[in-house]
Amino acid sequence: QLQLVESGGGLVQPGGSLRLSCAASGFTPDRYDIGWFRQAPGKEREGVSCISNNADTRWYSSSVEGRFTISRDNTNNVVYLEIASLKPEDTAVYYCGAAEGSYYGCPSKNAEVEFWGKGTLVTVSS
């Protein structure tokens, strides 16, 4: 059974950085496209970045482009999200989600995700 486990969240000051990890198990790593999503308090979950199974497609939302970097290590079944220049509005629970054969190359919308992790909390505050 496919499982996704996020880690790397925590409390960070504005301007700081973190590296989030999405560790996958139960599937062949190069079958699935992976997306990172976040849900801030009182808001809907939104896509922030995604990467195709072979890393030839990457997408970033306009709110994070230039500050976040997505990458994947298929040997070790991990997808990373490096988040930098953090702002208080980046505070959210960050989730990774997996999809196979994404129509646009990788899943950027909730409806495209087949499997979800449980999330990791990122709090940006001084």
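Sequence positions, counted from 1, serve as the residue numbers for this chain.
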Open item on the list: Testing the basics here: between G9 and T120, what is the closest heavy-atom pair and its distance to 0.1 Å?
Closed with: N-OG1, 3.1 Å
TODO: Decide yes or no on side chain to side chain contact (heavy atoms under 4.5 Å, CB included) for R58 and S71, but give the supporting numbers first.
DONE: CA-CA 9 Å; R58 304 179 200 220; S71 62; 4.2 Å; yes
Task: Distance-minimising heavy-atom pair for N77 and S25 - done: ND2-CA, 4.4 Å
TODO: State, with a plain yes or no, whether a side-chain heavy atom of L81 is found less than 4.5 Å away from one of S49.
DONE: yes
- [ ] Verify the distance criterion only: is there a donor paired with an acceptor across the side chains of S61 and S63 at less than 3.5 Å?
- [x] yes
TODO: Return the minimal non-hydrogen interatomic distance between C22 and W36, and the atom names on each side.
DONE: CB-CZ2, 3.5 Å
Task: Shortest non-hydrogen contact from R38 toward D90 - done: NH1-OD1, 2.8 Å
TODO: Dump the intermediate steps for side chain to side chain contact (heavy atoms under 4.5 Å, CB included) on Y80 and V78, then the final yes or no.
DONE: CA-CA 6 Å; Y80 300 103; V78 184; 3.5 Å; yes
Open item on the list: Check whether N53 reaches the backbone of D33 with its side chain - one donor and one acceptor, N or O, closer than 3.5 Å.
Closed with: no
TODO: Considering non-hydrogen atoms only, spot the tightest contact between G119 and V93 and give its length.
DONE: CA-CG1, 3.9 Å
Task: Nearest heavy atoms of G47 and W59, plus distance in Å - done: O-CH2, 3.5 Å
- [ ] Taking the side chain as every heavy atom from C-beta outward, state whether L4 and Y95 have any pair of such atoms under 4.5 Å apart.
- [x] no
Open item on the list: The test is side chain to side chain contact (heavy atoms under 4.5 Å, CB included); show your working for L86 and F68 and say whether it passes.
Closed with: CA-CA 9 Å; L86 283 162; F68 289 15; 4.3 Å; yes
